[in-house]
Amino acid sequence: MTYSGQVTVGGPADVHELKDLMITKIAVGPMDNNAYLLRCRATDEQLLIDAADEADTLLGTIGDDGIASVVTTHQHGDHWQALAAVVDATGARTYAGREDADGIPVPTDVLVDDGDVIRVGRVELTARHLAGHTPGSIALVYDDPHGHPHVFTGDCLFPGGVGNTRKDPEAFASLIHDVETKIFDVLPDETWVYPGHGNDTSLGAERPHLPEWRARGW
């Protein structure tokens with residue numbers, strides 16, 4: 001089956017099979033959050049991005065092999081509703097952006113800064129700090145050595161725009177700057193984007209619209 005990235009709450013997960021990494025996308029909770037389970041194909045180690053909600057659903061997706069780590073992309077409550085239950089069940093290490101960790105009611109084992117590398121088995125993910133949606137939001141970039149990059153953007157980048165900055169001009173200026181300089185300026189159009197809600201996109205699909213996002217201020 002070809003991966004589409006189109007998932008619905010209560011529906012099946014969708015699996016993106018890369019040479020070194022399997023990415024399972026599932027939608028959970030009343031705010032249609034996306035959670036992503038990453039599995040290193042060489043070691044079978046697993047990492048979860050955003051234990052957003054529905055702990056039983058997430059644990060069922062994780063399966064008997066468990067997970068080594070959970071990364072929370074940012075401190076907003078819809079992205080960590082199941083975090084405590086998932087950590088209790090799996091003993092996973094927790095990761096979050098340094099500036100957001102205090103807003104997450106589960107202790108963060110590893111505080112993440114811009115450029116830090118988070119590993120799942122033999123696969124490396126590079127964290128990019130994108131301030132504006134929250135002070136410590138992070139995205140994770142997987143630069144696939146066999147193909148194009150993949151980036152998990154939390155709520156910082158979606159099809160059609162950057163994340164909500166609540167009509168705060170300074171927050172918007174920060175977020176659009178970080179998204180442009182740390183994502184668009186350094187990654188190619190083929191980069192696959194996995195957002196915190198909704199459908200996937202690519203940098204190539206969104207790049208032509210950057211000037212209009214700046215002009216409208218959101």
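- Residue-environment remark: CE (M31) stays at or below the threshold of 12 foreign heavy atoms within 6.0 Å.
- Between H16 and Y194, the two ring planes are tilted [angle within 30° to 60°].
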Between D144 and Y142, is a side chain to side chain contact (heavy atoms under 4.5 Å, CB included) present by the stated rule, with each step listed? CA-CA 6 Å; D144 186 354; Y142 170 51; 3.4 Å; yes
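- Checking side-chain atoms of R122 against main-chain N and O of R41 turns up no donor-acceptor pair under 3.5 Å.
- For Q46 (side chain) and A68 (main-chain N/O), no donor-acceptor pair under 3.5 Å exists by modelled atom type.
- Ring planes of H76 and H74: perpendicular class, angle over 60° (limits at 30 and 60°).
- Checking side-chain atoms of W80 against main-chain N and O of V106 turns up no donor-acceptor pair under 3.5 Å.
- Rounding to the nearest 0.5 Å gives a distance of 9.0 Å between CZ of F152 and CG of L47.
- Proximity of a side-chain donor or acceptor of D116 to a complementary backbone N or O of D113 within less than 3.5 Å is detected.
- The distance from the SG atom of C40 to the CD atom of E45 is 7.5 Å, given to the nearest 0.5 Å.
- Within a 6.0 Å radius of NE2 in H209, more than 12 heavy atoms belonging to other residues, nucleotides or ligands are found.
- Within 6.0 Å of the CH2 atom in W213, the count of heavy atoms belonging to other residues, nucleotides or ligands exceeds 12.
- Under 3.5 Å, the side chains of D78 and N33 contain a donor-acceptor pair of N or O atoms.
- Remark: the D200 side chain and the Y3 side chain contain an N/O donor-acceptor pair separated by less than 3.5 Å.
- Here T126 contributes atom OG1 and D143 contributes atom CG; the two are 7.5 Å apart, rounded to the nearest 0.5 Å.
- Checked against H79 for a side chain to side chain donor-acceptor pair (under 3.5 Å), the options D100, D155, T72, N34 give a single hit: D155.
- In this structure, the separation between CG on L187 and CH2 on W192 is 15.5 Å, given to the nearest 0.5 Å.
- Looking only at atom types and distance, the side chain of S4 has a donor-acceptor partner in the side chain of D14 under 3.5 Å away.
- To the nearest 0.5 Å, atom OG of residue S137 and atom NE2 of residue H129 are 7.0 Å apart.
- Each of I104 and V71 belongs to its own hydrophobic cluster when Ile, Leu, Val, Met, Phe, Trp and Tyr are linked at side-chain heavy-atom distances under 4.5 angstrom.
- The closest donor-acceptor contact from the side chain of T61 to the backbone of T57 lies under 3.5 Å.
- Here the CG atom belonging to L59 is positioned 9.0 Å from the CG atom belonging to L48, to the nearest 0.5 angstrom.
- The number of heavy atoms from other shown groups lying within 6.0 Å of CG (D65) is above 12.
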Can D109 and R93 be said to form a salt bridge (charged side-chain N to carboxylate O under 4.0 Å, His left out), step by step? CA-CA 6 Å; D109 297 321; R93 293 185 304 275; over 6 Å; no
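- Residue E170 qualifies as open at atom CD: its count of foreign heavy atoms under 6.0 Å is 12 or below.
- There is a side-chain donor-acceptor pair under 3.5 Å between E206 and T201.
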Given side chain to side chain contact (heavy atoms under 4.5 Å, CB included), test L157 with L203 step by step and report yes or no. CA-CA 10 Å; L157 177 63; L203 291 189; 3.9 Å; yes
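- At distances below 3.5 Å, not a single donor-acceptor pair connects side-chain atoms of T108 with backbone N or O atoms of L111.
- Counting only distance, with no hydrogens or angles, the side chain of T94 and the backbone of P107 share a donor-acceptor pair below 3.5 Å.
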